[in-house]
Chemist: 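My questions will all concern the structure given below.
For the numbers below, each heavy atom of this structure counts, side chains included, while hydrogens, waters and symmetry mates do not. Every value quoted in this text rests on a predicted model; they were computed, and no experiment measured them.
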Amino acid sequence: QWKILKIMSRRVSKVICVSSDIYKISLEKKLKNIILSYNPINFPKRIEKVKPRDIDFVFVGRMTDQKDPLLLLHSFHLLLKNSQKVTSLHLIGSGELLPKIEAEATQLGIMEYCNFHGDLPIEETLSILKRSKTLVSTSKYEGFGLARLEALASGCCVISTDTGGARDTLPLELDVGVFLEKNDASQICTTMATSLLEKYWEEEIIQKRITCVQKFQAEFVVKEWLEF
């Protein structure tokens, strides 16, 4: 596959890499004419305030080993054990691990707090994100990580493992409820609780999260492409 890409890269004007991880791999594989440019995405410039955000945590992704939903489930289980507050987790997506995840939720005794939606149309996914407080992404590796940006654009806090695109795209330098964690259930559990703190749910902070993703608007990315 990489041999074919290497040959093709010599015959095209540009090879677009959508994350720094992909860009670094392409350099290592000695591809030619490569550039780093993120996926263009259409986000609303401002969303209406949703009251209440009645879903504490949400996961959006395939139920596969790459996305590691088992890590999320164990993190959520720890949170329920350590907190007296009743909380909820909604999981959007399907895949080969779905039966195992559902069985694990039952075995851990947390199925009543979990809502498995399966695959949903994008409109329904965005509707759930706008009702949610925190997206948790527990992937072992990623390319671009679209769900994280969709969540930010919906006003959610974001907790992510340190995978491809996270350091490129997430506003980690700002104290706006965006967190990068190791693939560790205990640490993710602690950060899940932190993301529910009132200071991250002031309207000004919510709008800062939304504003952070505007640079990925299609109009800005296309303009960048034209300048290459």
Side-chain angles (χ1 to χ4, degrees), residues 19 21 50 52-93 101 104-105 108-110 113-115 125 128-142 144-213:
S19 77
D21 283 3
V50 177
R53 285 185 181 257
D54 56 343
I55 300 170
D56 286 334
F57 302 104
V58 63
F59 170 92
V60 180
R62 299 183 308 281
M63 299 294 170
T64 62
D65 182 67
Q66 175 203 342
K67 301 293 184 179
D68 205 0
L70 276 172
L71 174 58
L72 168 64
L73 212 61
H74 291 147
S75 303
F76 184 60
H77 177 232
L78 284 177
L79 181 68
L80 288 170
K81 284 178 62 177
N82 297 332
S83 173
Q84 295 182 357
K85 180 180 179 292
V86 176
T87 187
S88 61
L89 170 64
H90 286 238
L91 300 98
I92 302 172
I101 300 301
E104 186 75 4
L108 291 171
I110 62 173
Y113 306 106
C114 299
N115 295 269
T125 297
I128 289 175
L129 285 174
K130 290 175 184 178
R131 291 173 48 208
S132 301
K133 292 182 179 177
T134 302
L135 174 106
V136 187
S137 172
T138 48
S139 297
K140 294 180 178 179
Y141 57 92
E142 278 287 356
F144 182 64
L146 175 60
R148 297 180 297 213
L149 297 185
E150 289 174 336
L152 281 177
S154 300
C156 300
C157 288
V158 171
I159 300 169
S160 175
T161 46
D162 192 358
T163 52
R167 294 184 181 274
D168 298 337
T169 60
L170 299 180
L172 300 170
E173 73 283 1
L174 304 176
D175 186 20
V176 293
V178 180
F179 310 92
L180 207 61
E181 289 296 347
K182 295 180 180 179
N183 298 63
D184 178 84
S186 179
Q187 291 188 25
I188 292 172
C189 162
T190 300
T191 307
M192 288 170 76
T194 300
S195 73
L196 301 181
L197 294 176
E198 288 186 11
K199 72 173 187 174
Y200 295 120
W201 295 101
E202 297 174 2
E203 184 62 20
E204 179 184 358
I205 300 300
I206 294 173
Q207 291 302 326
K208 281 185 178 180
R209 288 198 287 269
I210 296 169
T211 302
C212 287
V213 300

Chemist: Test of understanding: with side chain to side chain donor-acceptor pair (under 3.5 Å), list the residues that count as partners of T138, not counting sequence neighbours.
Modeler: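 By the side chain to side chain donor-acceptor pair (under 3.5 Å) rule, T138 matches no residue at all.
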Chemist: Could you pull out all residues at least two apart from K81 that satisfy side chain to side chain donor-acceptor pair (under 3.5 Å)?
Modeler: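 Listed in chain order: nothing, the list is empty.
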Chemist: With E204, which residues qualify under salt bridge (charged side-chain N to carboxylate O under 4.0 Å, His left out), at least two apart?
Modeler: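 Testing E204 for salt bridge (charged side-chain N to carboxylate O under 4.0 Å, His left out), a comparison that skips the adjacent residues, returns K208.
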Chemist: Testing the basics here: between D56 and S88, what is the closest heavy-atom pair and its distance to 0.1 Å?
Modeler: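 Closest approach of D56 to S88, heavy atoms only: N-OG, 3.4 Å.
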Chemist: Under the salt bridge (charged side-chain N to carboxylate O under 4.0 Å, His left out) definition, can you give me all pairs with a residue in residues 179-194, not counting sequence neighbours?
Modeler: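 Counting only pairs at least two positions apart or across chains, no salt bridge (charged side-chain N to carboxylate O under 4.0 Å, His left out) contact touches residues 179-194.
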Chemist: Under the salt bridge (charged side-chain N to carboxylate O under 4.0 Å, His left out) rule, what do K133 and D54 come out as? Steps first, then yes or no, please.
Modeler: CA-CA 8 Å; K133 292 182 179 177; D54 56 343; over 6 Å; no
Chemist: Set out, in order, the CA-CA distance, both residues' side-chain angles and the distance that settles side-chain contact (heavy atoms from CB on, under 4.5 Å) for V213 and E150, then state yes or no.
Modeler: CA-CA 9 Å; V213 300; E150 289 174 336; over 6 Å; no
Chemist: What is the distance from atom NZ of K85 to atom CG of L80, rounded to the nearest 0.5 Å?
Modeler: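 It is 10.0 Å, given to the nearest 0.5 Å.
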Chemist: Distance check, rounded to the nearest 0.5 Å: L149 atom CG versus R209 atom CZ?
Modeler: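 The CG atom of L149 sits 14.0 Å away from the CZ atom of R209.
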Chemist: What heavy-atom pair brings F59 and L72 nearest, and what distance separates the two atoms?
Modeler: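 Minimum heavy-atom separation between F59 and L72: CB-CD2, 3.3 Å.
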Chemist: Pair H77, E104 - check side-chain hydrogen bond (donor to acceptor under 3.5 Å, both in side chains), show working.
Modeler: CA-CA 10 Å; H77 177 232; E104 186 75 4; over 6 Å; no
Chemist: Hey, could you give me the CG/CG distance between L180 and L172, rounded to the nearest 0.5 Å?
Modeler: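 The CG atom of L172 is 5.5 Å from CG of L180, to the nearest 0.5 Å.
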Chemist: D175: which residues meet the side chain to side chain donor-acceptor pair (under 3.5 Å) condition with it, sequence neighbours left out?
Modeler: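 Side chain to side chain donor-acceptor pair (under 3.5 Å) list for D175, sorted by chain: K199, Y200.
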Chemist: Looking at R62 and G93, would you say the former's side chain and the latter's main chain have a donor-acceptor pair under 3.5 Å?
Modeler: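 A pair under 3.5 Å: no.
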Chemist: Within the 3.5 Å criterion, strictly below it, is a donor on S139 or E142 matched to an acceptor on the partner's side chain?
Modeler: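 There is such a pair between these side chains.
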Chemist: Are L73 and P69 close enough that some pair of their side-chain heavy atoms sits under 4.5 Å apart?
Modeler: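 No; the side chains remain at least 4.5 Å from each other.
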Chemist: Using side-chain heavy atoms (C-beta onward) and a distance below 4.5 Å, is V136 in contact with T134?
Modeler: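 Yes - at least one pair of side-chain heavy atoms lies under 4.5 Å apart.
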Chemist: In Å and rounded to the nearest 0.5 Å, what is the OG1 to CD1 distance from T211 to I206?
Modeler: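 Answer for the OG1-CD1 pair, T211 versus I206, is 11.5 Å.
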Chemist: Just how far is it from atom OG1 of T163 to atom CG of N183, taken to the nearest 0.5 Å?
Modeler: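 With rounding to 0.5 Å, OG1 (T163) is 8.0 Å from CG (N183).
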Chemist: Measure across L170 and L152 and return the closest heavy-atom pair with its distance rounded to 0.1 Å.
Modeler: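 Minimum heavy-atom contact is CD2-CD1, 3.9 Å.
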Chemist: With a 4.5 Å heavy-atom cut-off, do V60 and R148 have their side chains touching?
Modeler: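 Heavy-atom side-chain distance check fails, nothing below 4.5 Å.
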Chemist: Between the side chains of R53 and S154, does any donor sit under 3.5 Å from an acceptor?
Modeler: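 The answer is no; no qualifying pair exists.
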Chemist: Taking side chain as C-beta onward, heavy atoms only, is H74 less than 4.5 Å from L108?
Modeler: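 Result yes, sub-4.5 Å side-chain heavy-atom pair found.
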Chemist: Assess whether atom CD of E173 is packed by more than 12 heavy atoms of other residues, nucleotides or ligands within 6.0 Å.
Modeler: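 Atom CD in E173 is packed in, count exceeds 12.
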Chemist: How long is the straight-line distance from CD1 of I188 back to OG1 of T161, given to the nearest 0.5 Å?
Modeler: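 That separation rounds to 6.5 Å.
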Chemist: Is there a side-chain contact between W201 and C157 (heavy atoms, below 4.5 Å)?
Modeler: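 With C-beta onward as the side chain, the pair touches.
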Chemist: Closest approach of P171 and V178, non-hydrogen atoms and distance?
Modeler: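 Residues P171 and V178, closest heavy atoms: CG-CG2, 3.9 Å.
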Chemist: Suppose we screen for side chain to side chain donor-acceptor pair (under 3.5 Å). Which residues come up paired with S137, at least two apart in sequence or across chains?
Modeler: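 S137: no side chain to side chain donor-acceptor pair (under 3.5 Å) contacts found.
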Chemist: Going by heavy atoms in the side chains, are F57 and H90 under 4.5 Å from each other?
Modeler: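 Not touching, per the 4.5 Å side-chain cut-off.
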Chemist: So do V58 and L89 actually touch side chain to side chain, heavy atoms under 4.5 Å?
Modeler: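 Of all side-chain heavy-atom pairs linking V58 with L89, none is under 4.5 Å.
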Chemist: At their closest point, which heavy atom of S195 faces which heavy atom of F179, and how far apart are they?
Modeler: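 That would be CB-CE1, 3.9 Å.
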Chemist: Would you name the heavy atoms of A147 and L135 that are closest together and state the gap between them?
Modeler: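 Nearest heavy atoms, A147 then L135: O-CD2, 4.0 Å.
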